[in-house]
There are 2 protein chains.
Amino acid sequence: MEKVHTECKGKIRAIHDTLDILSGKWKIAIIGSLGFGTRRFMELQREVEGIGAKMLSKELRELEINDLVKRTVLDTKPVTVEYQLTEYGKTLQDIIDEMMKWGENHRKRIMSESPKEAELI
Amino acid sequence: MEKVHTECKGKIRAIHDTLDILSGKWKIAIIGSLGFGTRRFMELQREVEGIGAKMLSKELRELEINDLVKRTVLDTKPVTVEYQLTEYGKTLQDIIDEMMKWGENHRKRIMSESPKEAELI
DNA sequence: CAGCATCCCTTAAGATACTG
DNA sequence: CAGTATCTTAAGGGATGCTG
C-alpha cells in the first residue's frame, strides 16, 4: 500500500513536470498550431485566437528556451521570422493530438446536451 | 490554403476547449491522482504535493460541475468524503497518460544533460 | 513585420484561522 | 476530517504606443 502511494506520487510529479513546461494560457495552442507546420509571427497570432503580441512573443521565447520551438530570422525587409517545432517539440504531438480529440468530442457532447448554449461559446 | 487555415483553427479551438476544462494549476494532477482510484480529500492533498485545502476544494468543485469527478459523502463521524472519476472523467485518461509519459521522459532528458541541476528540482 | 516598453487591472493562489 | 472565510500578495495578461 505504501509502495503504491509512492509510485503514484512519481507519476503525479511527472505530470507536473510536463505542466510546468507547458504552463501558461497559450503554449499548448501554440504548439498545436506549429504542429501543422512552420508559421510566422502574425500567422500564429491569427491562428491562436485571442492571443496578444506580448503574450505570443513571451510564450514563444519560453518555448524556445526549453528547446521545443526553433526561431528563424529571415533576411528579408521588412524582417520575417519563422517558428517551427524542434524535433523535441514534436514529441509533444501525442499530447496535443489527444487534447484535440478530447476537445472535439467534448464539443459534440455539449452540443447534444444543450445546443443553444453551445452556440454561444 | 484558405481551407487548411480554417481547419487548423478548429483544431486549435478544440485544444482550447480542453484547456478551459482543465484550467488551473492542479486539475490535471488531481485527475491523474484519481486515475489510480478513489481518494479522500486528505489523500488527494498528500498525493498532489504542494496544493492547499482551498485550491483543492475549489478545483474539485469545478471538476464536479463539469461531470468529471464524483463526490460522495459517507455517513461516518467525523464525515468522510470520497472522490472518484466519473465515466466521462475517465475519458481524460489518454491525455493524462501521455503527459505522464512525456514528463518521465523529460526528466530523464534533463538528468542526462545536467544531472546536478536536475537534482535540485 | 516582429516585437519590446509601459501602464494598469484582474485573477490565481498562498497563508492563516475557524467550523460542523 | 473536510472543508469555508478572509486577507494579502504575486503573477498573468490586456491595451496602447513605439521602433528597427
Side-chain angles (χ1 to χ4, degrees), chain A residues 1 5 12-13 15-16 19-31 33-34 37-66 68-85, chain B residues 1 5 12-13 15-16 18-34 37-66 68-85:
Chain A
M1 200 58 177
H5 230 98
I12 306 297
R13 190 164 155 180
I15 293 177
H16 264 300
L19 253 28
D20 284 344
I21 301 274
L22 300 178
S23 68
K25 195 176 172 182
W26 309 100
K27 287 205 188 68
I28 296 182
I30 292 171
I31 295 171
S33 182
L34 291 176
T38 299
R39 292 284 187 275
R40 295 194 322 208
F41 192 86
M42 282 305 281
E43 289 178 322
L44 278 174
Q45 200 173 353
R46 269 191 296 269
E47 208 157 275
V48 182
E49 284 175 277
I51 195 171
K54 183 180 112 181
M55 278 302 113
L56 181 54
S57 85
K58 184 192 148 212
E59 303 272 65
L60 281 169
R61 206 178 319 123
E62 291 174 13
L63 290 172
E64 204 189 342
I65 289 172
N66 283 308
L68 298 173
V69 164
K70 182 163 179 287
R71 179 176 181 273
T72 312
V73 182
L74 302 178
D75 194 12
T76 55
K77 55 170 178 167
V79 61
T80 315
V81 182
E82 279 183 0
Y83 291 92
Q84 54 195 301
L85 293 182
Chain B
M1 199 59 178
H5 230 97
I12 306 296
R13 189 164 158 182
I15 293 178
H16 265 301
T18 305
L19 253 29
D20 284 344
I21 301 276
L22 300 178
S23 68
K25 195 175 172 182
W26 308 101
K27 285 205 189 69
I28 296 181
I30 291 170
I31 294 170
S33 183
L34 291 176
T38 299
R39 293 284 188 275
R40 295 197 320 210
F41 191 86
M42 282 305 280
E43 291 178 321
L44 278 173
Q45 200 172 352
R46 269 192 296 271
E47 208 158 274
V48 182
E49 284 176 278
I51 195 171
K54 183 182 110 178
M55 276 303 114
L56 182 53
S57 85
K58 184 192 148 212
E59 303 272 63
L60 281 169
R61 206 175 318 125
E62 290 174 13
L63 290 172
E64 205 191 340
I65 288 171
N66 282 309
L68 298 172
V69 165
K70 181 163 179 286
R71 179 176 180 271
T72 312
V73 182
L74 301 178
D75 193 14
T76 56
K77 55 170 181 167
V79 61
T80 314
V81 181
E82 280 184 359
Y83 291 92
Q84 54 194 301
L85 293 183

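So that the names make sense, note that chain A is the first sequence line, chain B the second, and so on, each numbered from 1.
Computed from coordinates, the B/Ile30 CD1 to D/dG3 C1' distance equals 14 Å when rounded to whole Å. Rounded to whole Å, the distance from CD on B/Glu43 to P on D/dC1 is 10 Å. Atom-to-atom, CG of A/Leu56 to P of D/dA15 comes out at 15 Å; the value is rounded to the nearest Å. The distance between atom CG of A/Leu63 and atom P of C/dG3, rounded to the nearest whole Å, is 13 Å. In this structure, B/Glu64 atom CD and D/dG3 atom P are separated by 9 Å, rounded to whole Å. Between the CD atom of A/Gln45 and the P atom of C/dA2 there is a distance of 9 Å, given to the nearest Å. Residue A/Phe41 contributes atom CZ, which lies 11 Å from atom P of C/dC1 at whole-angstrom precision.
The nearest pair of heavy atoms linking A/Leu22 to A/Lys27 is O-CB, 3.8 Å. Contact detail for A/Val48 and A/Ser33: the closest heavy-atom pair is CG2-CB, 4.3 Å.
Side-chain nitrogen and oxygen atoms of B/Tyr83 include none within less than 4.0 Å of the OP1 or OP2 phosphate oxygen of D/dC1. Distances shorter than 4.0 Å separate some side-chain N or O of B/Arg40 from OP1 or OP2 on D/dA2.
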B/Glu49/A/Ile12 under side chain to side chain contact (heavy atoms under 4.5 Å, CB included): CA gap, chis, key distance, verdict: CA-CA 9 Å; B/Glu49 284 176 278; A/Ile12 306 297; over 6 Å; no

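Residues B/Thr80 and B/Arg40 have side chains in contact (heavy-atom distance under 4.5 Å, counting atoms from C-beta outward).
For A/Lys58 (side chain) and A/Lys54 (main-chain N/O), no donor-acceptor pair under 3.5 Å exists by modelled atom type.
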For every nucleotide of nucleotides 4-20 of chain C, 5' to 3': is a protein heavy atom under 4.0 Å from its base (B), only from its sugar-phosphate (S), or from neither (-)? S-B------BBB----B

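Ring geometry for A/His16 versus B/Trp26: interplanar angle over 60°, hence perpendicular rather than tilted (30 to 60°).
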